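One structure is given below, encoded as structure tokens.
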Amino acid sequence: MLLSRARGSVTAGRIVETEAYLGPEDAASHAAIRPLAARALFYGEGGHAYVFRIYGMHFCLNAITGAAGEPGCVLIRALEPVAGVGTMARRRGLPPSSRFLTNGPGKLTQALAITLHHNGADLTRGPLLIAAPDAPRKVAIASGPRIGITRATSLRLRFWVRNSSYVSR
DNA sequence: TAGCTGATTGACT
DNA sequence: GTCAATCAGCTAA
């Protein structure tokens, strides 16, 4: 469950698609190819946000994992909207009933108003928050190669909720 | 300083 | 299926 509080409105969604990125041994990981500032975050304490700009116009949200000194993160690729759907729809310029509010990394950051100033934020305290759902559901998880990258494409580090209509692609 | 790249999206053929 | 938008940070010179 990912929760965002921005400018007075709360928006939240169930995380239905992620990709894992490892340390320098993973050629696609920003721990290996991104600037020092990002790398420092990777090696920091888990539970923090890593937000970056991609293609000059979109943001992607990562959760740093592992203890300090262990690089690794999880890219949040897609959400199933749970709360604040109207707010998300307004930010995305789509009807609230749309299935396309948060089914992509750039889309969910726009819907939850996540920007670079969330970079390094503590995900255990909010205003950006990742929490266990109140009523955990048993779901089937599928895995496969990561999407949209040009390196280390053979690693099957993408995970999504099978049968969810909110995953990307 | 110039040129290139990219963990994307949306519009178009 | 193809392609443009748009920019920080890297590399080459």
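Note that this is a predicted model, so its numbers are computed, not measured. We name chains A, B, ... by the order of the sequence lines, and we start the count at 1 in each one.
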Assigned partner base of dC3(C), Watson-Crick or wobble definition, under 3.5 Å:
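By the stated definition (distances under 3.5 Å), dG10(B) pairs with dC3(C).
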
Nearest to the [X] side chain among [options], which nucleotide is it?
X: Cys73(A); options: dC10(C), dA7(B), dT8(B); answer: dA7(B)
X: Ile149(A); options: dA8(C), dA7(B), dT6(C); answer: dA7(B)
X: Tyr21(A); options: dA7(B), dC10(C), dT9(B); answer: dA7(B)
X: Met57(A); options: dT9(B), dA7(B), dA5(C); answer: dA5(C)

Residue-phosphate contact under 4.0 Å: Thr150(A) side-chain N/O, dA7(B) OP1/OP2:
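Yes, Thr150(A) has a side-chain N/O under 4.0 Å of OP1/OP2 on dA7(B).
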
Phosphate OP1/OP2 of dT5(B): any Arg53(A) side-chain N/O under 4.0 Å:
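No, no such contact exists.
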
His118(A) side, atom NE2; Phe59(A) side, atom CZ - distance, nearest 0.5 Å:
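Reported value, rounded in 0.5 Å steps: 10.5 Å.
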
Cation-pi geometry met for Arg158(A) and Trp160(A) (6.0 Å, 45°):
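Yes, Arg158(A) lies over the aromatic ring of Trp160(A).
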
Looking across every strand, which nucleic acid part, if any, lies under 4.0 Å from Arg146(A) by heavy atom: base, sugar-phosphate, or nothing?
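Nothing, no nucleic acid heavy atom in range.
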
Look at the side chain of Arg91(A) and the backbone N and O of Ala111(A), then say whether any donor-acceptor pair between them is shorter than 3.5 Å.
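Side chain of Arg91(A) to backbone of Ala111(A): a pair is present.
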
What verdict does the side chain to side chain contact (heavy atoms under 4.5 Å, CB included) test give for Arg14(A) and Leu2(A), after you've listed the backbone C-alpha separation in whole Å, the side-chain angles of each residue and the deciding distance to 0.1 Å?
CA-CA 6 Å; Arg14(A) 206 159 61 95; Leu2(A) 175 65; over 6 Å; no

